[in-house]
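These numbers come from a predicted model, not from an experiment. Order of listing sets the numbers, starting from 1, for every ligand and every atom in it. Reckoned from all heavy atoms, side chains included, excluding hydrogens, waters and symmetry mates.
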Amino acid sequence: MTTLSFSQLPLAPAMLANLQTLGYTAMTPIQAASLPLALGGRDLIAQAKTGSGKTAAFALALLARLDVRRFEVQALVLCPTRELADQVTQEIRRLARAEDHVKTLTLCGGATMRPQLASLAHGAHIVVGTPGRILDHLQRGSLALTALNTLVLDEADRMLDMGFADDISQVAKQCPAQRQTLLFSATYPEGIATMASKLMRDPAEVKLTEQHAAGKIRQRFYEVTESQRLHAVGLLLNHFRPVSTLAFCNTKQQCHDLVSVLRAQGIVALELHGDLEQRDRDQVLVQFANRSCSVLVATDVAARGLDIAQLEAVINVDITPDVEIHTHRIGRTGRADAHGWAFSLASLDEMGRVGRIDEMQGEASVWHALSELTPTGSGPLRPPMVTLQILGGRKDKLRPGDVLGALTQEGGLPAARIGKINVNDFSTYVAVEREIAERALSALNTGKVKGKRVKARWLSELPES
Ligand code: ADP
Ligand code: MG
């Protein structure tokens, strides 16, 4: 067994200290396999499942090479969607804290041009964006990549799926030939090799397609009739009482119906689907991640690439016809040292699909009866936190510390009862424990944040007292 300490890597002491602060005590397997090569300057193709820590695997490499005194774009990360680009930017910013003044900019389609042009005029060291928009900026001349050292293709499989292959090659043409190219992907379809052969130089390949850690995911199957299916989800939740559950449906309609059924039972459930406006999508994800929404209901497509930590349960509301997707779904839970539940609801019509899952897993599925699912605890499942929204964000120079200060110092609330604080461009989301939510809201609305009055409101549905 090899030890996976970051201190074996040629990283600056300040970076090592920052990793400690972030709680990154050991490298994940994909980091251990790819960082020595990436830090050594090799081109790299790295494949590992969602949630395995691929972002830090490339972010540490590009940050190590960054010269902060040169105020030019030295690294470009291409991502398939704005949401993934935002997640990558956040992770890079966290990792970049070891050094002062590293400027990371997100440039994605769907957002208006003018603010992006203004931000570009101020300059940046690292740019994260979607291929189409990056190309657009290159063509307008608002972005130059002449000083680029590192090109990263993140979620390359997904970018290919979305038809970005041409845009990516065009962007790559505008990068210096003398560069490092890092390609990360959850799967390895044929198109990846083709793209790599065009864009990369003698890339090293790292593949970690390991099975889920045995025993960490506890799988149970329940036989249901169609009329029991949606109701069974509520039974599972009120019996096992997981704080955060991701429920997968095969269709959007099923997602929609499930959310209505759960809400009618007093369970806080939100739907994630492709038709949501970006702002609504952000709000859904923030509420789920900060533990103020018990259940996120999604199709496989909508949930793809999402980084969701601390998931106690996954529910397969339908059995997917694709065995690999099943493995991918249940692999969302049971991360790190935690155990996770994976529940699957199957009708007689779906038994063939279950059979294929058994075959792939090399063991028989474990079945339980719906009648075992009696409510435990008192009342319906409720999330521990509530989300408040402050109308003001990064553009108003708000930082998480300002909000925390307003709540703890001015408002007199204990810091331990305040959860995640997400600062977006125009809004800030604060999770607070349900019991102190009223007080927190009035503290924000009557006090000052960073010396200024702010407006705050409930984002979550109003908590019952
Ligand atoms: P991927 O891109 O492979 O889907 P991410 O890079 O999004 O995975 O990482 C998943 C989560 O794991 C993130 O929340 C990240 O902060 C966390 N993480 C990454 N590396 C480590 C580490 N070495 N120790 C602890 N947590 C880590
Ligand atoms: Mg990723």
Please report the C-alpha distance between L63 and M15 in whole Å, then the side-chain angles of each, then the deciding distance to 0.1 Å, and finally whether the side-chain contact (heavy atoms from CB on, under 4.5 Å) criterion is met. CA-CA 9 Å; L63 286 168; M15 178 59 88; 3.9 Å; yes
What orientation do W341 and F240 show, parallel under 30°, tilted 30 to 60°, or perpendicular over 60°? tilted
Return a yes/no value for T50: is any of its N or O atoms, backbone included, closer than 3.5 angstrom to an N or O of ligand 1? no
Are F221 and F343 an aromatic pair by the rule of ring centers under 6.0 Å? no
State whether the shortest distance between N or O atoms of Y24 and N or O atoms of ligand 1 falls below 3.5 angstrom. yes
Show the atoms of ligand 1 that are less than 4.0 angstrom away from any heavy atom in S52. 1 (P), 3 (O), 8 (O)
Between S292 and N290, a side-chain donor and acceptor under 3.5 Å: yes
Would you say CZ of R65 has more than 12 non-hydrogen atoms from neighbouring residues, nucleotides or ligands within 6.0 angstrom? yes
When you check the side-chain N and O atoms of Q219 and Q361, is any donor under 3.5 Å from an acceptor? yes
Is E155 close to ligand 1, meaning an N/O of one under 3.5 Å from an N/O of the other? no
Does a donor on one side chain sit under 3.5 Å from an acceptor on the other, for T387 and Q287? no
Could you tell me which atoms of ligand 1, counted from 1 in the order shown, lie closer than 4.0 angstrom to a heavy atom of T55? 2 (O), 5 (P), 6 (O), 7 (O)
Contact atoms of ligand 1, heavy-atom distance to F6 under 4.0 Å: 23 (N)
Indicate yes or no: does an N/O atom of G23 lie under 3.5 Å from an N/O atom of ligand 1? no
Distance filter under 4.0 Å to A26 heavy atoms, resulting ligand 1 atoms: 22 (C), 23 (N), 24 (N)
Contact atoms of ligand 1, heavy-atom distance to K49 under 4.0 Å: 3 (O)
Quiz: residues 185-196 side-chain donor-acceptor pairs under 3.5 angstrom, not counting sequence neighbours:
from	atom 1	to	atom 2	distance (Å)
S185	OG	D157	N	3.3
S185	OG	D157	OD1	3.3
S185	OG	T187	O	2.6
T187	OG1	D157	OD2	2.7
T194	OG1	E190	O	3.4

Relative to the heavy atoms of E91, which atoms of ligand 1 are at a distance of less than 4.0 Å? 15 (C), 16 (O)
Could you tell me if any non-hydrogen atom of G51 lies under 4.0 Å from any atom of ligand 1? yes
